[in-house]
Structure formats: C-alpha cells, structure tokens
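By convention here, the first residue in the shown sequence is residue 1. Ligands are counted one by one from 1 in listed order, and the atoms in each one are counted from 1 as well.
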Amino acid sequence: MAQGDWWRHGVVYHIYPRSFADSNGDGVGDLAGITSRLDYLNDGTPASLGVDAIWLSPFYPSPMADFGYDVTDYTGVDPSFGTLADFDRLLAEAHARGMRVIVDLVPNHTSDRHPWFIEARASRASPKRDWYVWADPRPDGRPPNNWKSTFPRAGPAWTFDGRTGQWYLHSFLPEQPDLNWWNPEVRLAMDEVMRFWLDRGVDGFRVDVAHRMARDPELRDNPLVLVGDRDDPTGQVRAMRLAEMGATLFDEDWPEVHEILRRFRRTLDAYDDRMAVGEVYLLDLRRLARYYGGGRDELHLAHNFVFLHQPWKPEAFRSVVNEYAELLPTGAWPAHFLGNHDHARVASRYDEGGNGLARARVGAMMLLSLRGTPFVYYGEELGMRDAQVAPDRVVDVDGRDPVRTPMPWDGSPGAGFSSGEPWLPVAADAGRTNVATERDDPTSMLSLYRRLIWYRKGSAALRRGSYRSLPDAPASLFAFVREAPEERLLVALNFSGEPVSWALDPGLADTGRLEVSTYAARQPGPVQLSELVVGPDEGVVLRLG
Ligand code: GLC
C-alpha cells in the first residue's frame, strides 16, 4: 500500500455496520457482511467505487441504547456483528485491496453497563468512582447544574443515582455516562484501547464527540441568555447560538481537550502512517481549526459540521471553504462531508420540488473536487433519500432511523441486504435506487460517483493541488481552480435551476476541455472558455490549458 499521508489523498467511505450487509440472516448487518462486499468498494478497477479507506461506526459489545455508541467493552466485537476473528479478516481483506480501515473510538462515554461504570456506581468509595463525573444535588435537590443532554428527549445531562445519592453526567443518554478525563487513569485506560486496535493493524480512529471530552472541572452553569428561539423547549438552539457568538460553554470545547488530543497524537505517532479524524461538532470555524493544534500535533483531520449545515447557496459553501482555509494552521488539511449517520441525506436535505437528486450530483462533485479529504456516507453514492420509517418501526431516540436504513444492493424484498427481516425497513425506493440497477446505468448516481472518484485518483490537482475560488464567477456558480505542477482544473458548480453562461477571464487560460459533467449525457471534449455554459443544476470539471 502507498505510504505517507494516505488520509490526505484518499476518499473515505463511512459504513454503518448494522445497515450495510447481513451475512447470517438475523436482520442486522455484520463484519462478515462488510467483508463480502469489499470488492464493490474497491477491486482495483473502475468497475468498483474506488474508495481508499473505510470508517466503521462502532461494532463493539453494546446494549445498543445508542446502537453501539454505548460501549461495554472497547476491545471486543458485539456478537451481533461477529467476532474479533471476523474483524481481523475484514482488516486483512481490506488491506489486500489497498483500503485502509478507520474504527470509531468513543472516548467521551461508556455504556452504563460497562464494568467500569458498574464498579463506579457501586459506592462512593469505589476505586473507579472518579472515572466518571459525579456531583451532589443542589440544596433544593435539583441536578448539579443546568447542562442538557445533546438528545433533546433525554432532558438534563444528569441522572440521579439513588443508591449513592449523587448525580452522574451524561452528554447523551442516561445509558451513556461520561468518563472523567481529568482522571489520569482514564487517560491510561484509553491509551491501552488505542494500542489494542493499532497493534491489530487499524489505520486510524474516528474520535466520537472529540470536543466534549474535557469540561469545566467546576461544573459551572452554561450561560442562558435568550437569543431568539424563546420557545425552544430544549435550550439547545440557544446554547448553539451562544457558542457561535463566541460565548464560553462549560460542558464542551474546554481547553484541556487539546492536551488529551495531543496525547492521542503521541500514541498514534508511535506507529507508522496512522491517523485520527475527529467528530468536532462546533459550529464555529475558529474553534474547529484549533483541533488541528499546531498543524501536526492534534487531530489529523476534523469533520467540518459548518460545511454540512450550509443552505444550498454557492456563496454559503464558498465562504465556509475560504474562511476555513485561512484559519487552518500550516500543514493542516480539511475534511469534507455532506452526510453521516446523524444527518439527513443529501438528496432529501436539499430537495426543492424534486431536484434533490440533481443537486446531490452537484454536491458529489463539490465533495470530491474540493481541497480536503472527502468522506462519503454509505448509500450517498446511490442517491439514497431519507426513508419513511413507520412509527411502530422507530428505534432511535433522536429521529435518525431514516438515514440508517439498509444498503440496497438489489431490488429484492430484503434489498440483498438480508435474507431475514431487516432491523430497519428497506427504503420504499430501493426497487430502483440500488447497486444492481445503478451499476450498469451510465446515467446513475453510482456511475457518477465512480467516475468522480476514479478521475480524482488520476488527478494530482484534485488530490493535492492548491485551491483558489473565483469570486467573479456568475452569482449562481461556486467556481474554483485546483492546481498542481502537472495540471490546472476549473470546477464550476451551478447551484441554480437556470443555465448560466460565463465568459471566463481570458487571462485564466487559452483552452478548456470538459473532463466530467454531472450530466451523464454531456461528453468530454473541448469547450469555449469565452462562453462557457453550465446547465441548470449542473457541475463541470474543466482542464485548463
Ligand atoms: C456522536 C455519534 C452519534 C452518537 C453520539 C453519542 O455524535 O455520531 O451517533 O449518538 O456521538 O455517542
């Protein structure tokens, strides 16, 4: 496998293991299922998707209160997903195909059934007591402070433990008690977890809620200033707005988190070629940029949620990308994504009167041609939409079932995902939106993704070139130049439903050649730069000469 900064140049494919492929017919996807589908992801030829790495959401033993993000054993495999031997096989088979494997690390919290927490809650004198965050009630019996769970339905971030008369902190569900990262033993324990997987050969970690691990040791109240949304019952929106305005929140993004991430980095740096990408859910680019540390001493990559949350407007994406590029320290590299297991699918999110799929094609081109590492959530390459999940099939506490439905491999009743009853319903449009149907259809989303990923692979400018946006482009375009010593490319993305005609600055280039269009019918070939036409909801990559 190619050495060196693979995580800068490759495309990462995000797999939600429960939903990808079920090998034993129990309705839940598993590791052996993933292994059986690796050729789809990359068999070394353009007939496959061509991704360079996979990120696996958690497959560790878990009571599944949050479908694996509540871990009872950081170094095992939940029986519903298989065994450690299945994991080793998956890793070896992925490596044999030149793909790296990133696993999810969930350091902020465990399951309430993790042996550490069981021991911690047994008594105030337990040696593990301080591994979690415990506090006395306020004098009137209320929780220690006003912190809220990230899941609105869970309410306060505190649960009272009757036996020991104290509250414990949980940033998510009560079944997910937060670890106390001020305790050095917790740090040592997580070092061991990381080494366990690194020694097994994993190539990196996706660090769950990386911005949460450290918090105010004095547990002070978050400021509760009303900024609109007076009626929001959860207070979450208010808190978010405050953070955007630069206010200090006491339950996240605490300075000590950077010391923890430097520690993670030291652990990773003791191995060759490993990386960490953080889920840093901060909607403030300045704060986000700090998670790269000095550029080479904290996270290798941080997922940019500001990018994910933009409205479908060219100037919105342009300003996030440009601002972020200015804020990142030297040596730091962006990471872009448009969807994951917590957020609406692109074809649904941006749909306005039926153009969701056309916009998703433009989104795919943007993702795969910007400067930065692209992360593709499973099924996005098929143009999956948010599925309808009937009330009696709802299983997630936070409304995320629609984006986690089974990967549709074919048009059969179980969608080729499972021979049994899938844990979440197969999406209603799986009869046409599936791998078998799209594979041989040159106009499909899958064909576009394949074309873009393989084109990117062969393009020095897209993989590692510089980025410069063209602010003088017509208002409905997001246009930028990617340049490497070998080549210069212009990417023009039309965010409107109207055609745009653009007379390019003659100083930019003499000749242009269309390389890829999101329109399947538009063939590569020379184009007039004095009158470049980009169609409604079309994106193009041009080679400049
Ligand atoms: C992250 C995960 C999400 C999970 C939460 C708690 O936000 O992406 O799925 O529910 O952390 O672990």
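No salt bridge links Glu259 with Arg263; every basic N to acidic carboxylate O contact stays at or beyond 4.0 Å.
Remark: ligand 1 atoms within the under-4.0 Å shell around heavy atoms of Phe151 are 10 (O). If you number the atoms of ligand 1 from 1 as listed, the ones under 4.0 Å from a heavy atom of Arg400 come out as 3 (C), 4 (C), 9 (O), 10 (O). Using a 4.0 Å cut-off to heavy atoms of His109, the atoms of ligand 1 that qualify are 6 (C), 12 (O). Listed by atom number, the atoms of ligand 1 under 4.0 Å from Asp342 heavy atoms are 2 (C), 3 (C), 7 (O), 8 (O), 9 (O).
With a heavy-atom cut-off of 4.0 Å, Arg206 touches ligand 1 through its side chain alone. Proximity of Phe67 to ligand 1, defined as any heavy-atom pair under 4.0 Å, is not found for any part of the residue.
With respect to atom 4 (C) of ligand 1, the closest heavy atom belonging to the protein is Asp66 OD2, 3.3 Å. Given atom 5 (C) of ligand 1, the protein heavy atom at minimum distance is Phe172 CE2, 3.7 Å. Protein heavy atom nearest atom 1 (C) of ligand 1, with residue, atom name and distance: Asp208 OD1, 2.8 Å. Of the protein's heavy atoms, Glu279 OE2, 2.8 Å lies nearest to atom 7 (O) of ligand 1.
Heavy-atom separations between Arg404 and ligand 1 include at least one value shorter than 4.0 Å.
Side chain of Asp70 to main chain of Gly68: a donor-acceptor pair is present (N/O by atom type, distance under 3.5 Å, no hydrogens or angles).
Screening Leu301, Val12, Ile102, Val106 for a side chain to side chain contact (heavy atoms under 4.5 Å, CB included) involving Arg206 leaves a single residue, Ile102.
Interatomic distance, CH2 of Trp116 versus OG1 of Thr72, reported as 11.0 Å (0.5 Å rounding). Rounding to the nearest 0.5 Å places CD1 of Ile260 at 10.0 Å from NE2 of His258. Phe67 CZ to Trp423 CH2: the interatomic distance, rounded to the nearest 0.5 Å, is 5.0 Å.
Taking the six-membered ring for Trp and thresholds of 30 and 60 degrees, His303 and Phe375 have ring planes more than 60 degrees apart, a perpendicular arrangement.
With contacts defined as side-chain heavy-atom distances shorter than 4.5 Å, the pair Asn108/Gln176 does not qualify.
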